[in-house]
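Hydrogens, waters and symmetry mates are skipped; everything else that's a heavy atom, side chains included, is used. Chain A is the first sequence line, chain B the second, and so forth, proteins listed ahead of strands; every chain is numbered from 1.
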Number of protein chains: 2
Amino acid sequence: MKLSNGVEWALHCCVSLSQTEHPVPTLRLAELHDVPPAYLAKHLQALARAGVVRSTQGQDGGYTLTRPAAEITMLDVVAAIDGPAPFFRCTEIRRRGPLAADPARCANRCPVARAMGAAELAWRAALGTVTIAELATDIDAASGGDALVGVRDWLREH
Amino acid sequence: MKLSNGVEWALHCCVSLSQTEHPVPTLRLAELHDVPPAYLAKHLQALARAGVVRSTQGQDGGYTLTRPAAEITMLDVVAAIDGPAPFFRCTEIRRRGPLAADPARCANRCPVARAMGAAELAWRAALGTVTIAELATDIDAASGGDALVGVRDWLREH
DNA sequence: GCCGAGGTACTCGGATACGATTTGTCCGAGTTAGAATGG
DNA sequence: CCATTCTAACTCGGACAAATCGTATCCGAGTACCTCGGC
């Protein structure tokens, strides 16, 4: 089980987008992070579909955040890229084989699926507590306090 | 991101194995759950490599749990089947592109990776609190109290 | 009747094809900014 | 000098291949039980 590579790109892109009000095109975001532009575009489209970013077409167009970075959580981004499907899909083994349980008697969810669902909920909850704004602050602090300024300047002069 | 299908099989197999002291061969477990025998064998090998089950060769051989079901957690099984690799692999985007951060200044982990790691830890912790014994009890209760007896009888007469 | 050797049937284990999902790329539709033109 | 039209460049968006991982399968190595023969 591996999380899509684009999740990391999308998160860093959101952090970068939080540093400007101006639309930033895909090509600019791609060279800023040194990733394949066409593939990054695909993920940005997913973010747009999920309502995390808004696309502006035409010259001087690009992507902007739809709401303040403090109101976007990592969960929003991960769900947008990875999709809403749960990790674990119960195939109802109980109802198969020679000892197939009577469907009427096992109407409630399989305990295995329930435990898996609870664990996944814990994962999502943890991601929901971290916002893009917090990520930006932490990244800035980890880099000595010049990362965000650097992004702002770079976006302004390009 | 999708969890391997074999995780569900492995969990149910462990529950079944907890109902007997006698070794149970792959073929028996496969027809009990109505799954492809050869593929189930692959996952059982993984469980054996992880030390969750022990294999006994020769006639009347098969698989048995290496320790009481109350001492085996869902995390043990999931880690055995899915592997130890984390969901999120940080590619250190900060060190790429025109604004590459000085490696000396970002020696600590990227905040994105840290948050992802924390969320994954929450997931693993949730899985670690549920044991195979608890799963067996819940499954029995959900099926009206005759599921475990059914498995025991079926394994005895086959 | 007891012991031992051999055979046999059953078990696991790793090496081998197939399919699906993820990854990566491309070109066309649509839109906006700016320039050129006419009033 | 201003409004209008036109062009042109730039943007996103979805449709199209390649690679990697999960799925499924097979056959060989090894072991314990059972049978048979000898003592």
A:Val24 or A:Met1, whichever maps to the more 5' nucleotide of DNA chain D: A:Val24
Atom-pair distance (CZ on A:Arg89; P on C:dT21), nearest Å: 11 Å
Nucleotide nearest B:Gln59 (side chain, heavy atoms from C-beta), chosen from C:dC10, D:dA24, D:dT23: C:dC10
Side-chain N,O (B:Lys42) to OP1/OP2 (D:dC26) below 4.0 Å: no
Of B:Gly58 and A:Gly58, the one whose closest DNA chain C nucleotide lies more 5': B:Gly58
Integer-rounded Å distance: D:dT11 P and A:Leu40 CG: 14 Å
Among D:dC10, C:dT25, C:dT23, the nucleotide that comes nearest once only the side chain of A:Ala38 is considered: C:dT25
Distance, nearest 0.5 Å, that separates CZ of A:Phe88 from CG of B:Asn5: 8.0 Å
Distance-only polar pair, side chains of A:Asp140 and A:Thr137, donor-acceptor under 3.5 Å: no
Touch class at under 4.0 angstrom, heavy-atom based, for B:Asp60 against every strand present: nothing
Distance test, side-chain N/O of A:Ser55 to OP1/OP2 of D:dG13, below 4.0 Å: yes
Touch class at under 4.0 angstrom, heavy-atom based, for A:Gly6 against every strand present: nothing
Length of the line joining B:Asn5:CG and D:dT25:P, which is rounded to integer Å: 13 Å
Whole-Å distance separating the CG atom of A:Asp34 from the P atom of C:dG24: 13 Å
Length of the CD-C1' vector between A:Glu8 and C:dT23, whole Å: 15 Å
Short side-chain N/O contact from A:Arg49 to OP1 or OP2 of D:dG14, under 4.0 Å: yes
Geometric class of the B:His43/B:Tyr39 ring pair [parallel <30°, tilted 30-60°, perpendicular >60°]: tilted
Separation of atom NZ in A:Lys2 from atom C1' in C:dA20, rounded to whole Å: 15 Å
Phosphate OP1/OP2 of C:dG14: any B:Gln45 side-chain N/O under 4.0 Å: yes
Contact nearer the 5' end of DNA chain D, comparing A:Ala41 with B:Pro37: A:Ala41
Touch class at under 4.0 angstrom, heavy-atom based, for A:Arg54 against every strand present: nothing
Rounded interatomic separation in angstrom, taking CG from A:Asp82 and P from C:dT22: 8 Å
Joint cluster assignment, A:Leu27 & A:Val24, ILVMFWY side-chain distance < 4.5 Å: no
Nucleotide C:dT22, atom P - distance to CZ of B:Phe87 in whole Å: 15 Å
Short side-chain N/O contact from B:Thr56 to OP1 or OP2 of C:dT11, under 4.0 Å: no
Nearest listed nucleotide, side chain of A:Pro25, among D:dT11, C:dT23, D:dG13: D:dT11
Given C:dC12, C:dT25, D:dT23, the nucleotide with the shortest approach to the side chain of A:Pro36: C:dT25
A:Tyr39 side chain near C:dT23 phosphate (N/O to OP1/OP2, under 4.0 Å): yes
Closest to side chain of B:Gln57, choosing from C:dT23, D:dA9, D:dT31: D:dT31
Pair A:Asp76 + A:Arg67: basic N to acidic O under 4.0 Å: yes
Distance below 4.0 Å between B:Tyr63 side-chain N/O and C:dG13 OP1 or OP2: yes
B:Thr91 versus A:Glu8, side-chain donor and acceptor atoms under 3.5 Å: yes
